[in-house]
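In what follows, a single structure is set out as structure tokens and then discussed.
These numbers were taken from a predicted model, which means no experiment stands behind them.
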Amino acid sequence: RLFFWVDYELSSLQQVGRNEDLVDLVEQLLVLPRDKQSLVEAAIQSQVRKFFNDREAEAGSFGFFIISPDKISLSSLRDGNIGGINIIEQQRPALLEKVLQGESVFVPPIRSDVFLDEKSYTSIVDKPPTMFFAAPVVNSNNNVIAIITKRVNFSGEFSSILSAGFIGHSGETYAVDKTGLLLSKVRFESQLRDIGLITQDQDASLNVRIADPGTNLLNAKNSVTPNPDWPLTLMSAGITNKQSGFNLEGYNDYRGVKVVGSWLWDKNLDMGLAAEVDVEESFALIRIFKYTAWSIVFISLALLLGSTLFTLRVGTRATRALTRSRKELEELVKERTEALKAAMQKAEGATLSLAEQMKFQQLLIDTVPIPLFYKDADGKFLGFNKAYEEIFQVESKDLVGLTVNDLSYLSEADRKLYQAEDDEVIATQTTIKKEMRIPFADNKVHDTLYWVTGFKDSNNNPAGLVGNFIDITT
């Protein structure tokens, strides 16, 4: 959702940057003296503001800038930030250079140059985070003559999208810049205040360095002062190196709590995104899946081995009996018949016991509240739980033995994508965790966190995969 939102906003702002009326207004601004008084008192300011006010409902603007090629703020929603070096140039100068080269860019959260509400503050550190989209203003000759920016509400769409990752008791998603500085809200902000990493009147965004304190600060008896010598967390270090990755073994987060997570560096957003969940919570469900899958594998192998040995034993004795006399044969047949009856009774009892175990395994899987499925080494479905059947309005008996290519309720493109992914996971025994849009039986496409993991048989050969997904649609 974050990437869709950014693409939409940049596309909309690019169109505004080519609007003939705006280009005419910007050309008039560019000929004015660059001092604050001349710019603020210019009559053209009211026309520029009316242009944006008329489009406020359409663009969702929280403020705007018209910035000259020499990075001076020529016009704004507020008089207080006109006539000086633009705030983006002061904190993210490289991004404005990209815009002057014709690109449209997303400006990650930075410290605001003005207060955005009616509260009274005494220190610049109390000014809230703010965000922008920036696009070139292009004249009829296709030349970039200035920069237009749209200020967006930090607590709006950006925070809403990331907070969708606050799943379970400890799951969270947040943004980090290339220095390891927190750029968004986090789930455990109140804990950070109690620990002492931020003050009671501070927000976590732009005030917390994502570093590993080396110990679980939740167990600290006294308030803790942030130490600049703390190393970055494993995730944050990856982001600063502009690398994406994941860790399922566990590492300390910014509170010193063991978590597992995955992270993504996006050069277009010029920031990293991280998704983490406490180790204790994440592995509770995985252990259930693992034990269930291995139980099914071991039971199947034991049944196959027992049947093979039984068949060989009976065949050998039958061959010897053919060489004996009729009388001996009759006596032997009678004896073996009784033995066979006894064996069959035992086999019947074993089969009933196995059926009860399988029934229990299926019941255990059905109690998992999120959709779950598992497949063999050929990518054919071995089973599902009730949550999967209810979401897609299907029955396991109709799908067992099929591959994802046979699922008619998925589009052809989705079937090919999922089949290729299944083949890779089974062959390489890897784990894939990602956001995915999946059509449910309610005829709606849902945002999900999708996770599949390959497993091996007793000979260490690929034996199949176990998959699940969680609906995070808001």
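Taking both residues in full, the closest heavy atoms of Pro462 and Ala377 are given as O-CB, 3.6 Å, listed atom of the first, atom of the second, then distance. Of all heavy-atom pairs between Glu281 and Gly171, the closest is OE1-N, 4.3 Å. What you find for Ile239 and Leu264 is that their closest heavy atoms are CD1-O, 3.7 Å. Contact record, Thr149 with Ala134: CG2-CB, 3.9 Å, taken as the closest heavy-atom pair. Across every non-hydrogen atom of Asp253 and Pro213, the tightest pair is O-CD, 3.6 Å. The minimum heavy-atom distance linking Asp414 with Pro439 is given by the pair OD2-CD, 4.2 Å.
The shortest side-chain heavy-atom distance between Leu181 and Val176 does not fall under the 4.5 Å cut-off. For the pair Glu276 and Met235, the minimum side-chain heavy-atom distance is below 4.5 Å. Two residues are said to be in side-chain contact when any heavy atoms from C-beta on lie closer than 4.5 Å; Thr233 and Trp263 fail this criterion. For the pair Thr240/Leu232, a side-chain contact is recorded, criterion being any heavy-atom separation below 4.5 Å from C-beta on. At a threshold of 4.5 Å between non-hydrogen side-chain atoms, the residues Phe4 and Arg437 count as touching. You'll find the side chain of Leu248 stays beyond 4.5 Å of the side chain of Lys433, heavy atoms only. Side chains of Ile438 and Val445 form no contact here, defined as non-hydrogen atoms less than 4.5 Å apart. Phe3 has its side chain within reach of Leu273: a pair of non-hydrogen atoms, C-beta onward, lies under 4.5 Å apart.
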Exercise. Between Arg209 and Asn227, is a side-chain hydrogen bond (donor to acceptor under 3.5 Å, both in side chains) present by the stated rule, with each step listed?
Worked result: CA-CA 10 Å; Arg209 179 172 171 264; Asn227 188 338; over 6 Å; no
For this session: Evaluate the criterion side chain to side chain contact (heavy atoms under 4.5 Å, CB included) for residue pair Leu234 and Glu249; output intermediate values, then yes/no.
Result: CA-CA 11 Å; Leu234 178 68; Glu249 297 176 358; over 6 Å; no
For this session: Show your reasoning for whether side chain to side chain contact (heavy atoms under 4.5 Å, CB included) applies to Val277 and Val260.
Result: CA-CA 6 Å; Val277 63; Val260 296; 3.6 Å; yes
For this session: Carefully, step by step, assess Thr130 and Arg151 under the rule side-chain hydrogen bond (donor to acceptor under 3.5 Å, both in side chains).
Result: CA-CA 7 Å; Thr130 190; Arg151 190 193 295 261; 3.0 Å; yes
For this session: Run the numbers on Val208 and Leu192 for side chain to side chain contact (heavy atoms under 4.5 Å, CB included), then give the verdict.
Result: CA-CA 9 Å; Val208 174; Leu192 297 183; 4.0 Å; yes
Problem set entry | Arg193/Glu189 under salt bridge (Lys or Arg N to Asp or Glu O under 4.0 Å): CA gap, chis, key distance, verdict | CA-CA 7 Å; Arg193 294 191 178 94; Glu189 195 158 305; 3.0 Å; yes
For this session: Evaluate side chain to side chain contact (heavy atoms under 4.5 Å, CB included) for Val257 paired with Asn252, printing each intermediate quantity in order.
Result: CA-CA 5 Å; Val257 175; Asn252 287 349; over 6 Å; no
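Residue Tyr254 is tested with Phe188, Trp230, Tyr174 for a ring pair (Phe, Tyr, Trp, His ring centres under 6.0 Å); the sole match is Tyr174.
Note: Phe106 and Phe133 have tilted aromatic rings, judged against thresholds of 30 and 60 degrees for the angle between ring planes. Ring-plane geometry between Phe65 and Phe132 is classed as tilted, the angle between the planes lying from 30 to 60 degrees on a 0 to 90 degree scale. Ring geometry, Phe373 versus Phe381: the interplanar angle exceeds 60°, so the pair is classed perpendicular (tilted spans 30 to 60°).
Ile195 CD1 to Ser223 OG: the interatomic distance, rounded to the nearest 0.5 Å, is 9.0 Å. Rounding to the nearest 0.5 Å gives a distance of 6.5 Å between CZ of Phe154 and CG of Leu206. One distance of note links OG of Ser104 with CD1 of Ile147; it measures 10.5 Å at 0.5 Å rounding. To the nearest 0.5 Å, the span separating CD1 on Ile210 from CG on Leu182 amounts to 4.5 Å. For the atom pair Ile472 CD1 and Leu449 CG, the distance stands at 4.0 Å (nearest 0.5 Å). Note: His169 NE2 to Arg187 CZ = 8.5 Å, rounded to the nearest 0.5 Å.
For Ser244 (side chain) and Trp265 (main-chain N/O), a donor-acceptor pair under 3.5 Å exists by modelled atom type. Using modelled atom types, one side-chain atom of Ser184 and one backbone atom of Ala175 make a donor-acceptor pair closer than 3.5 Å. The backbone N or O of Asp7 sits nowhere less than 3.5 Å from a side-chain atom of Ser11 that would complete a donor-acceptor pair. The closest donor-acceptor contact from the side chain of Gln202 to the backbone of Thr199 lies under 3.5 Å. Between the side chain of Thr448 and the main chain of Met436, a donor-acceptor pair closer than 3.5 Å is present. Of the possible polar contacts, none joining the Gln191 side chain to the Leu218 backbone as a donor-acceptor pair under 3.5 Å is found. The backbone N or O of Lys98 sits nowhere less than 3.5 Å from a side-chain atom of Glu103 that would complete a donor-acceptor pair. When atom types are taken as modelled, the side chain of Asp442 and the backbone of Lys444 share a donor-acceptor pair closer than 3.5 angstrom.
Among residue pairs with one or both ends in residues 377-391, those qualifying as side-chain hydrogen bond (donor to acceptor under 3.5 Å, both in side chains) are Tyr388-Tyr409, Glu389-Ser396; sequence neighbours excluded.
Comment: Asp270 engages Arg92 in a salt bridge, judged by a side-chain N to carboxylate O separation of less than 4.0 angstrom. The pair Asp278-Arg255 meets the salt-bridge criterion, since a charged nitrogen lies less than 4.0 angstrom from a carboxylate oxygen.
For Phe246, the CZ atom is loosely surrounded, since the number of other residues' heavy atoms within 6.0 Å does not exceed 12.
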For residues 415-429, which side-chain N or O atoms pair as donor and acceptor with protein atoms under 3.5 Å away, sequence neighbours left out?
unit_1	atom_1	unit_2	atom_2	d
Arg415	NE	Asn405	O	3.3
Arg415	NH1	Leu407	O	3.3
Arg415	NH1	Leu410	O	2.5
Lys416	NZ	Glu412	OE2	3.3
Gln419	NE2	Asp423	OD1	3.1
Glu421	OE2	Lys434	NZ	2.5
Asp422	OD2	Lys375	NZ	2.3
Thr428	OG1	Glu424	O	2.6
Thr428	OG1	Thr430	OG1	3.1
Gln429	OE1	Phe455	N	3.1
Gln429	OE1	Lys456	N	3.3
Gln429	NE2	Ile426	O	2.8
Gln429	NE2	Phe455	O	3.3

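Side-chain N/O atoms of Asp203 and Ser205 include no donor and acceptor closer than 3.5 Å.
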